Visitor: 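Below: one structure in structure tokens.
Computed from a predicted structure; not experimentally measured. Counting convention: from 1, in listed order, for ligands and their atoms alike.
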Amino acid sequence: MKMRLGLIGYPLGSSYSRQLHEQALKALNLEGSYQLWEIPPGPDELEELTSRVEALREGKLGGINVTIPYKETVLPLADRLTPAARTIGAVNTLYREPGGNQVMGDNTDSPGFWTDLQQLLPPERQKGGGSALVLGAGGAARAVTYALASRSWRVTVAARRAAQAEELAADFRDLPGSVWPVPLTSRDGPSTTGCGLIVNATPVGMAPGLNLSPWPDYWSFPRGCVVYDLVYNPRETSLMKQAGEVNLPVRNGLGMLIEQAALAFAHWTGQPPPREIMSRTVRRQQTTFSQIKDQQQKQKE
Ligand code: NAP
């Protein structure tokens, strides 16, 4: 039977998910398709979301990814949540329980981030806790902070709305690590003593703000830290350039994107995901800073 997969969100114009999953299906000789289901926010959104989840429950769909702005909205539509999805408070993958008809909600962003982070962390920091600074306190910051704090890291979360960081810290208070909320607005910047990892979990650095960085020029980077930017388009963000200039190891979020998709694919198909093919597919799509600038210029003309 053909497997019908898809992504719910709005807008979806720049999503790589279709190519990623269709190439993965093809690689495993599985018949199926992955569609982009744009649901504009409005009075009908809940009805549309509910009908997609119902189609999954009935077996008419094989799996659903969820992105902005519905990662929290779909939470109560699932029959059961994984512990990660429940604590993070966001679902990016819905699948039917193997052998049953209950709809499970999971958050694969969090393990996707952790797995890819291992490519950047020095070996001595891969086990046990460290100290990290996460910029932003939205859905992705929650997934990242969960990955770290559930592994005993001490995480400082810096957000421009202090209340958002405080709520995140309160929700994660029972994890083995610790979470400290701070404002992102101070001229001096957050304290980074002992910080070994900086993560950008804001959208700053994506088009149209390619020249922007969440790290103001007048803040200094802690010595010996590594910098992970969840943004993956452009390939090298302004934050990565700044950190690279002071010789800090950097990594963009493309590996996390691939890994979260691979974990979703495994839920839906029950098969080991073809990571190498998924990786090759998205790396082909990725653009450089100057290519995006050229596209923007053409759109203006
Ligand atoms: P979100 O829920 O909207 O949260 C964004 C966070 O960034 C909020 O705390 C927001 O604060 C803050 N923010 C936005 N603009 C800012 C600015 N100019 N200065 C300072 N803070 C700012 O979005 P999200 O789902 O967490 O996604 C965040 C980023 O991660 C996006 O770029 C997304 O594409 C990326 N992401 C990547 C992956 C991956 O696989 N690599 C996975 C998930 C997300 P306010 O609420 O005050 O605006």
Side-chain angles (χ1 to χ4, degrees), residues 7-17 20-21 41 65-75 84-85 88-93 106-117 119-120 133-147 156-169 171 181-186 189-190 198-216 219 228-235 237-240 250-265 278-279 282-283 285-286 292:
L7 171 66
I8 292 171
Y10 188 85
L12 298 177
S14 54
S15 172
Y16 291 172
S17 295
L20 247 175
H21 287 288
N65 273 147
V66 186
T67 188
I68 293 175
Y70 299 123
K71 286 185 182 181
E72 289 95 32
T73 324
V74 298
L75 230 81
I88 294 166
V91 158
N92 77 332
T93 302
D106 192 13
N107 186 305
T108 65
D109 283 336
S110 186
F113 163 75
W114 178 253
T115 300
D116 193 53
L117 180 67
Q119 304 290 326
L120 179 67
L133 170 64
V134 175
L135 307 176
R142 292 179 73 93
V144 162
T145 305
Y146 180 84
T156 302
V157 176
R160 61 180 174 181
R161 285 185 296 122
Q164 194 186 31
E166 282 158 17
E167 190 183 335
L168 188 163
D171 289 349
V182 297
L184 183 54
T185 42
S186 84
I198 293 170
V199 182
N200 175 33
T202 78
V204 182
M206 284 170 69
L210 296 177
N211 295 319
L212 301 177
S213 164
W215 194 264
W219 289 2
Y228 192 100
D229 197 335
L230 259 62
V231 174
Y232 49 83
N233 211 5
R235 199 177 291 162
T237 62
S238 293
L239 170 65
M240 291 166 67
V250 296
R251 190 167 175 87
N252 69 33
L254 195 72
M256 170 178 171
L257 178 82
I258 296 162
E259 192 54 33
Q260 64 76 28
L263 295 170
F265 188 87
M278 296 174 95
S279 170
V282 284
R283 284 184 205 287
Q285 309 276 325
Q286 212 185 12
I292 295 178

Visitor: Looking at atom 10 (C) of ligand 1, what's its closest protein heavy atom, distance included?
Guide: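 Of the protein heavy atoms, Gln164 OE1, 4.3 Å lies nearest.
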Visitor: Heavy atoms only: which of Met206, Arg161, Arg160 lies closest to atom 32 (O) of ligand 1?
Guide: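 Looking at heavy atoms only, Met206 sits closest to atom 32 (O) of ligand 1.
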Visitor: Does the protein put any heavy atom within less than 4.0 Å of atom 15 (N) of ligand 1?
Guide: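 Given the 4.0 Å cut-off, atom 15 (N) of ligand 1 counts as touching protein heavy atoms.
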Visitor: Can you tell me the protein heavy atom closest to atom 41 (N) of ligand 1 and the distance?
Guide: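 Result for atom 41 (N) of ligand 1: Gly253 O, 2.9 Å.
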Visitor: Nearest heavy-atom pair of Glu259 and Pro111: which atoms, and what distance?
Guide: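 Closest approach of Glu259 to Pro111: CG-O, 4.5 Å.
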Visitor: So which bit of Met256 gets within less than 4.0 Å of ligand 1, heavy atoms only: side chain, backbone, both or neither?
Guide: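 Both backbone and side chain of Met256 come within 4.0 Å of ligand 1.
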Visitor: Indicate, as side chain, backbone, both or neither, the part of Leu135 found under 4.0 angstrom from ligand 1 when only non-hydrogen atoms are considered.
Guide: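 It is neither; nothing of Leu135 touches ligand 1.
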Visitor: Backbone or side chain, does any N or O of Gln260 fall under 3.5 Å from an N or O of ligand 1?
Guide: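 In fact, backbone or side chain, Gln260 has no N or O that close.
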Visitor: Of all the atoms in ligand 1, which lie at a distance below 4.0 Å from a heavy atom belonging to Gly139?
Guide: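 The atoms of ligand 1 under 4.0 Å from a heavy atom of Gly139 are 2 (O), 26 (O).
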Visitor: With heavy atoms of Tyr232 as the reference, note each atom of ligand 1 found under 4.0 Å away.
Guide: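 Checking each atom against Tyr232, I get 41 (N).
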Visitor: Check the pair Thr93 / Asp106 against side-chain hydrogen bond (donor to acceptor under 3.5 Å, both in side chains), numbers first and verdict last.
Guide: CA-CA 5 Å; Thr93 302; Asp106 192 13; over 6 Å; no
Visitor: What atoms of ligand 1 come within less than 4.0 Å of a heavy atom belonging to Ala137?
Guide: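 Once the distances to Ala137 are compared, the set is 9 (O).
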Visitor: Can you list everything that forms a side-chain hydrogen bond (donor to acceptor under 3.5 Å, both in side chains) with Ser17? Sequence neighbours excluded, please.
Guide: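 Ser17: side-chain hydrogen bond (donor to acceptor under 3.5 Å, both in side chains) contacts with Ser15.
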Visitor: Hey, could you give me the CG/CG distance between Asp109 and Leu263, rounded to the nearest 0.5 Å?
Guide: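 Output value for this atom pair is 10.0 Å.
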Visitor: Any side-chain donor paired with an acceptor under 3.5 Å for Asn233 and Tyr16?
Guide: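 Distance-only check passes for Asn233 and Tyr16.
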Visitor: Any nitrogen or oxygen of Leu254, main chain or side chain, under 3.5 Å from a nitrogen or oxygen of ligand 1?
Guide: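 No - when backbone and side-chain N and O of Leu254 are compared with those of ligand 1, no distance drops under 3.5 Å.
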Visitor: Identify the two heavy atoms, one from Glu72 and one from Gly89, that lie closest to each other, and give their separation to 0.1 Å.
Guide: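 Here Glu72 and Gly89 meet closest at CG-O, 3.3 Å.
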Visitor: Report, in ascending order of atom number, the atoms of ligand 1 lying under 4.0 Å from any heavy atom of Ile68.
Guide: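 It comes down to these atoms of ligand 1: 23 (O), 25 (O).
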Visitor: Under a 3.5 Å threshold, yes or no: a donor from one side chain and an acceptor from the other, between Ser238 and Asn211?
Guide: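 No - no donor-acceptor pair under 3.5 Å links their side chains.
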Visitor: Which of these passes side-chain contact (heavy atoms from CB on, under 4.5 Å) with Val231: Asn252, Val204, Asn200, Leu254?
Guide: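 Going through Asn252, Val204, Asn200, Leu254 one by one, the side-chain contact (heavy atoms from CB on, under 4.5 Å) with Val231 is satisfied by Asn200 alone.
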Visitor: Considering only protein heavy atoms, which is closest to atom 4 (O) of ligand 1, and at what distance to one decimal place?
Guide: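 So the nearest neighbour among protein heavy atoms is Gly138 CA, 3.3 Å.
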Visitor: Return the option from Ala159, Ala90, Pro203 holding the heavy atom at the smallest distance from atom 13 (N) of ligand 1.
Guide: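 Among Ala159, Ala90, Pro203, the closest heavy atom to atom 13 (N) of ligand 1 belongs to Pro203.
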Visitor: Could you report the tightest heavy-atom contact between Ala140 and Leu230, atom names first, then the distance?
Guide: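 That closest heavy-atom pairing would be CB-CD2, 3.5 Å.
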Visitor: Less than 4.5 Å apart, side chain to side chain, heavy atoms only: is that true for Arg283 and Ile258?
Guide: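 Yes, close enough: below the 4.5 Å cut-off.
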Visitor: Which residue supplies the protein heavy atom nearest to atom 36 (N) of ligand 1, what is that atom called, and how far is it?
Guide: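 Looking at atom 36 (N) of ligand 1, the protein heavy atom closest to it is Leu230 CD2, 4.1 Å.
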Visitor: Considering only heavy atoms, which of Ala261, Ala143, Ala140 lies nearest to atom 27 (O) of ligand 1?
Guide: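 It is Ala140 whose heavy atom sits nearest to atom 27 (O) of ligand 1.
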Visitor: Are any of the N or O atoms of Val204 closer than 3.5 Å to those of ligand 1?
Guide: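 No; the residue has no nitrogen or oxygen that sits under 3.5 Å from a nitrogen or oxygen of the ligand.
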Visitor: What part of Ala201, side chain, backbone, both or neither, has a heavy atom within less than 4.0 angstrom of ligand 1?
Guide: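 Looking at Ala201 and ligand 1, just backbone atoms fall under 4.0 Å.
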Visitor: Can you tell which of Asp109, Thr202, Thr108 gets a heavy atom nearest to atom 12 (C) of ligand 1?
Guide: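 Considering heavy atoms of Asp109, Thr202, Thr108, the nearest to atom 12 (C) of ligand 1 sits in Thr202.
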Visitor: Using the six-membered ring wherever Trp is involved, compare the ring planes of Tyr228 and Phe113 and label them parallel, tilted or perpendicular (cut-offs 30° and 60°).
Guide: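 Rings of Tyr228 and Phe113: perpendicular, as their planes differ by over 60°.
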Visitor: Which heavy atom in Pro41 sits nearest to a heavy atom in Tyr10, and how many Å separate them?
Guide: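 Nearest heavy atoms, Pro41 then Tyr10: CD-CD2, 3.5 Å.
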